[in-house]
**Student:** 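My questions all concern the structure below.
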Amino acid sequence: MRWLVGWSSAAARAAGLGSAGSLGHDGETLHPVGSQLLWGDPDPLWAVGDWRPDEVRVVKADEQNRIAVLGICGASDEDLRRGLFTARGGALRHLTNWPGSYTAVVQVGRRVTVCGDLAGARPVFHTPWAGGTAFATAALPLADLIEANLDFGHLAALLAAPDVPAALRDTTPYEGVRRIPPGHALVLRAGAREIAGYDPVSSLAVSAVPADPDRAVDAVRDALVEAVRTRLAAPRHVPDLDPGPVPGMGPAERRARRGMPVPGIGADLSGGPASATLALLAAGLPGRPGTLLGHGTGERLLAVTFNDLAVGGREAEVQRAGALAADPRLHHVVVTGAEEALPYADLDGPLTDEPGPSLVTAGRHRARLAAGSADHFTGHGARQVLDAHPARLADLLMDRRRRHLVRPVAALARADGSVLVTARVYGAARRLARTPYRAGLEELAERLMRRRFEEPRGAVGASLAALTWAAPGPAARWLTGEALAEVSVLLGVEGDRSGTGGQRPGEHRARAALARYAADLRVLEQSAEIRSQRLHAPFLDNQVVRACRELPEALRVRPGARAEILRTVLESTGITDLPPGWGTPSHASSAAAARAGLRLSAEPLLDLFSRPLLADAGLVDGGVVREALRSAAAGATVEGLADLVSLELWLHRLLSRRGTCWTGTPARSRAVPAGIQRRRDALASGM
């Protein structure tokens with residue numbers, strides 16, 4: 001893990017806080033373990049972890065006016081200097097306009113500004129501390145700092161309604177540690193805290209001016225190309241040197257066995273349109289993707305395809321990946337995975353900052369990434385930023401663009417084979433368009449109280465279920481009645497005191513889904529991390545997210561819109577030779593692999609839930625979960641188990657942890673020092 005951490009306090013000098021920290025245990029000074037100081041008192045800032053030299057940049061105007069950028073950023077030092085001067089007047093948005101994926105921190109006198117991203121893949125957290133505020137880009141260091149206990153209300157909301165911002169609010173798994181929403185910045189003035197939004201949100205009162213589809217797609221192309229070019233322009237990094245030969249193994253096998261990536265730049269090539277677009281762009285743009293340190297003749301871009309031998313159904317995608325890899329600029333590697341690469345097969349792994357469903361598939365991804373490059377492109381996030389959430393059909397009705405509903409509704413009718421689909425979908429969209437946000441939260445609260453979790457099956461059923469302001473998560477059915485009641489009460493309180501910021505229901509659901517996906521992707525990156533490797537997800541860059549948000553809804557809702565947009569992006573960059581069937585959605589569901597993994601890993605999972613920590617927390621009944629696991633092992637389709645298993649795994653890893661993120665703290669303080677100690681009012685503590 002890599003993060004930055006700092007604090008701001010009105011009494012910084014008096015308390016002895018600063019570049020040296022405050023006196024702690026046995027005369028030690030308080031500072032993060034494994035950190036490098038970026039600047040000192042009165043508001044210190046550290047970078048923690050294995051940051052590359054080019055990923056940490058600090059530009060100073062003087063000792064009280066400076067900017068730090070951590071991550072991949074396409075801005076030059078002069079751009080950063082101009083951004084610093086502009087930020088002195090309070091402007092923030094320009095700090096998030098540069099290509100790449102990064103976190104910007106600006107200090108102007110005693111005012112410190114930390115900018116989060118639009119997707120939520122690079123979050124910012126904060127907590128009250130030492131008469132001021134401590135902040136970080138990870139929640140666990142702050143939880144260690146204040147010895148935070150678990151926030152059981154947040155954990156219940158993660159299971160009951162993970163895609164509902166009103167349920168999650170700004171909380172984290174650690175009591176007292178808060179996160180800023182995507183599209184916002186944390187502004188500290190001598191310890192005082194303010195959350196400021198930097199990206200405008202469309203209004204419900206005024207219909208948005210229809211964007212020109214061609215210009216919108218061109219903007220997506222420009223943003224994607226610039227995102228890829230920024231990463232190609234960064235210095236190359238060679239992983240740790242190979243310690244020597246192993247009998248019977250070649251260099252690639254040795255690297256994979258030792259968890260070392262291949263030097264240079266590579267990309268996923270799953271056969272889908274998102275990964276293929278990034279692989280072809282990275283291979284085709286100037287910059288010699290495989291070149292180390294900018295020297296040499298250049299190597300072909302390493303394209304990695306995962307072939308699941310345990311569960312079939314993706315043969316067509318693998319064939320398309322092979323056809324794409326016939327490009328002479330690509331070097332294709334196929335990684336095969338049998339039963340050992342199924343979900344739930346590998347339950348060991350590192351502690352992540354937060355829990356997430358991807359913990360049960362981390363081993364599966366690690367097997368693929370071990371054959372990847374030191375800088376590895378992934379297509380993660382393309383579906384969330386390009387596709388239309390079904391609730392956007394209600395947005396079209398609100399803007400009186402009914403004719404644009406014809407094509408998506410007709411596609412659903414063909415998939416279902418029923419002429420009644422049109423009326424059902426149109427009726428649900430019309431009902432959502434006329435439902436206030438508060439009423440949508442009240443409906444969800446009632447569903448949780450009455451344990452109404454039945455959802456219709458198939459593509460039509462999923463679309464109808466998504467045509468609401470808020471919906472229960474797949475694991476909600478396994479929560480205890482008390483936990484569901486507490487989340488229901490919380491939703492009622494939030495419905496009374498908060499709104500959507502003027503968003504339409506489709507836009508609101510799309511942003512929430514993107515934030516949830518980005519948070520889980522962050523968990524995946526930490527749990528499947530390969531030493532010396534960087535995963536790049538350009539679709540989640542600020543400028544790409546902004547460009548995608550400008551796509552007209554009428555274009556988004558067309559069947560196959562994502563593949564059509566990305567095909568246009570490639571054609572406009574000169575890449576036209578795409579294999580037949582490119583962009584065809586896969587009919588093989590990851591649910592088949594999950595079911596196979598549950599069957600094969602039934603015994604370890606039953607052992608995990610023999611005395612579940614979730615039951616100690618009062619969130620689930622252990623016997624009910626064990627019965628669900630047995631049913632899943634017998635072949636029943638049981639949704640929501642990935643959320644339960646991943647949260648239980650995360651709790652075990654957190655409580656078995658012995659280290660801390662800080663030195664100089666009394667007794668080496670760490671988060672959740674007393675283990676699971678649920679109070680009777682714990683679930684309502686954050687209200």
Side-chain angles (χ1 to χ4, degrees), residues 2-8 35-39 43-49 51-126 133-138 179-189 193-200 223 226-227 230-231 233-234 518 522 534 536-538 540-546:
R2 292 168 295 280
W3 64 86
L4 63 87
V5 61
W7 56 63
S8 175
S35 63
Q36 56 174 311
L37 184 67
L38 301 185
W39 59 64
D43 304 307
L45 179 69
W46 289 274
V48 185
W51 293 95
R52 295 171 175 175
D54 58 288
E55 291 176 331
V56 180
R57 299 162 61 194
V58 179
V59 173
K60 296 183 180 180
D62 52 57
E63 288 303 315
Q64 290 298 313
N65 294 274
R66 44 202 170 187
I67 179 172
V69 173
L70 290 89
I72 300 294
C73 180
S76 65
D77 287 352
E78 187 57 35
D79 292 333
L80 296 181
R81 192 168 287 107
R82 285 197 297 267
L84 171 60
F85 290 140
T86 306
R88 294 172 66 176
L92 298 178
R93 192 175 191 271
H94 69 284
L95 299 174
T96 67
N97 284 345
W98 298 309
S101 178
Y102 57 90
T103 301
V105 184
V106 174
Q107 183 186 50
V108 178
R110 291 302 311 279
R111 187 182 73 203
V112 178
T113 303
V114 191
C115 294
D117 66 336
L118 290 174
R122 301 183 70 92
V124 178
F125 305 89
H126 61 90
T133 301
F135 63 89
T137 54
R179 85 174 69 234
I180 67 170
H184 288 69
L186 175 66
V187 183
L188 304 174
R189 294 180 174 87
R193 181 178 63 253
E194 177 189 354
I195 309 298
Y198 60 75
D199 221 52
E226 193 61 31
T230 296
R231 289 164 171 86
R522 181 169 171 263
R534 295 291 187 271
H536 301 284
L540 298 181
D541 288 5
N542 278 354
Q543 286 301 76
V544 178
V545 172
R546 282 196 180 99

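Positions are given from 1, in the same order as the sequence printed here.
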**Student:** Could you state the interatomic distance from CG (Asp79) to SG (Cys73), rounded to the nearest 0.5 Å?
**Tutor:** 8.0 Å
**Student:** Could you walk me through whether Arg81 and Ser76 pass the side chain to side chain donor-acceptor pair (under 3.5 Å) test, one step at a time?
**Tutor:** CA-CA 9 Å; Arg81 192 168 287 107; Ser76 65; over 6 Å; no
**Student:** Would you call Asp43 and Leu188 a side-chain contact if the rule is heavy atoms closer than 4.5 Å?
**Tutor:** no
**Student:** For Ala136, enumerate each residue passing the side-chain contact (heavy atoms from CB on, under 4.5 Å) test, keeping only those at least two apart in sequence or located in another chain.
**Tutor:** Val5, Leu142
**Student:** Look only at the side chain of Arg52 and the backbone of Gly71, and say whether a donor-acceptor pair between them is shorter than 3.5 Å.
**Tutor:** no
**Student:** Can you find a heavy atom in the side chain of Val69 that is under 4.5 Å from one in the side chain of Glu55?
**Tutor:** no
**Student:** Are the side chains of Leu4 and Val48 in contact, using a 4.5 Å heavy-atom criterion?
**Tutor:** no
**Student:** A side-chain contact here means heavy atoms from C-beta on lying under 4.5 Å apart; do Val58 and Ile67 qualify?
**Tutor:** no
**Student:** For Arg2, what residues pass the side chain to side chain donor-acceptor pair (under 3.5 Å) criterion, not counting sequence neighbours?
**Tutor:** Asp50, Glu529
**Student:** Looking at side-chain heavy atoms only, is the closest gap between Leu84 and Val106 below 4.5 Å?
**Tutor:** yes
**Student:** What do the steps show when you test Leu80 against Arg57 for side chain to side chain contact (heavy atoms under 4.5 Å, CB included), and what is the final call?
**Tutor:** CA-CA 9 Å; Leu80 296 181; Arg57 299 162 61 194; 3.5 Å; yes
**Student:** What's the verdict on ring-ring contact (aromatic ring centres under 6.0 Å, His included) for Trp46 and Trp3, showing C-alpha distance, side-chain angles and the deciding distance?
**Tutor:** CA-CA 9 Å; Trp46 289 274; Trp3 64 86; over 10 Å; no
**Student:** If you look at every heavy atom in Ala518 and Gly120, which pair is closest and at what distance?
**Tutor:** CB-C, 3.7 Å
**Student:** Calculate, to the nearest 0.5 Å, the distance between atoms CZ and CD belonging to Arg88 and Gln107 respectively.
**Tutor:** 12.0 Å
**Student:** To check you understand the geometry: which heavy-atom pair defines the closest contact between Ala119 and Val545, and what is its length?
**Tutor:** CB-CG2, 4.5 Å
**Student:** Just so I know, are the side chains of Leu38 and Val56 near enough to count as touching, which here means a heavy-atom distance under 4.5 Å?
**Tutor:** yes
**Student:** In terms of the angle between their ring planes, are His94 and Trp98 parallel, tilted or perpendicular, with boundaries placed at 30° and 60°?
**Tutor:** perpendicular
**Student:** Could you walk me through whether Thr133 and Ser8 pass side chain to side chain contact (heavy atoms under 4.5 Å, CB included), step by step?
**Tutor:** CA-CA 5 Å; Thr133 301; Ser8 175; 5.5 Å; no
**Student:** Please identify each residue that fulfils side chain to side chain donor-acceptor pair (under 3.5 Å) with Thr103, with sequence neighbours left out.
**Tutor:** Arg122
**Student:** For Ala227, what residues pass the side-chain contact (heavy atoms from CB on, under 4.5 Å) criterion, not counting sequence neighbours?
**Tutor:** Arg231, Pro538, Asp541, Val544
**Student:** Look at the side chain of Asp199 and the backbone N and O of Gly183, then say whether any donor-acceptor pair between them is shorter than 3.5 Å.
**Tutor:** no
**Student:** With heavy-atom distances below 4.5 Å as the criterion, would you say the side chains of Asn65 and Lys60 are in contact?
**Tutor:** no
**Student:** Between the main-chain N or O of Gly116 and the side-chain N or O of Tyr198, is there a donor-acceptor pair closer than 3.5 Å?
**Tutor:** yes
**Student:** Who pairs with Pro123 by side-chain contact (heavy atoms from CB on, under 4.5 Å), at least two apart in sequence or on another chain?
**Tutor:** Phe125, Arg179, Arg522
**Student:** If you measure from CG on Leu118 to NE2 on His184, what distance do you get to the nearest 0.5 Å?
**Tutor:** 10.5 Å
**Student:** Quick one, Arg110 and Arg189 - any side-chain contact, counting heavy atoms below 4.5 Å?
**Tutor:** no
**Student:** Tell me, with the steps shown, if Glu226 and Gln543 meet side chain to side chain contact (heavy atoms under 4.5 Å, CB included).
**Tutor:** CA-CA 9 Å; Glu226 193 61 31; Gln543 286 301 76; over 6 Å; no
**Student:** Could you list the residues that satisfy side chain to side chain donor-acceptor pair (under 3.5 Å) with Thr113, not counting sequence neighbours?
**Tutor:** none
**Student:** Distance-only, no hydrogens or angles: does the Glu194 side chain make a donor-acceptor pair with backbone N or O of Val187 under 3.5 Å?
**Tutor:** no
**Student:** Quick check: closest heavy atoms across Ala47 and Leu70, and the distance to 0.1 Å?
**Tutor:** CB-CD2, 3.7 Å
**Student:** For Thr96 and Cys115, work out which heavy atoms get closest and say how close.
**Tutor:** CG2-CB, 4.2 Å
**Student:** Nearest heavy-atom pair of Phe135 and Leu186: which atoms, and what distance?
**Tutor:** CB-CD2, 3.6 Å
**Student:** Could you grab the distance from atom CD1 of Ile72 to atom NE2 of His536, nearest 0.5 Å is fine?
**Tutor:** 5.5 Å
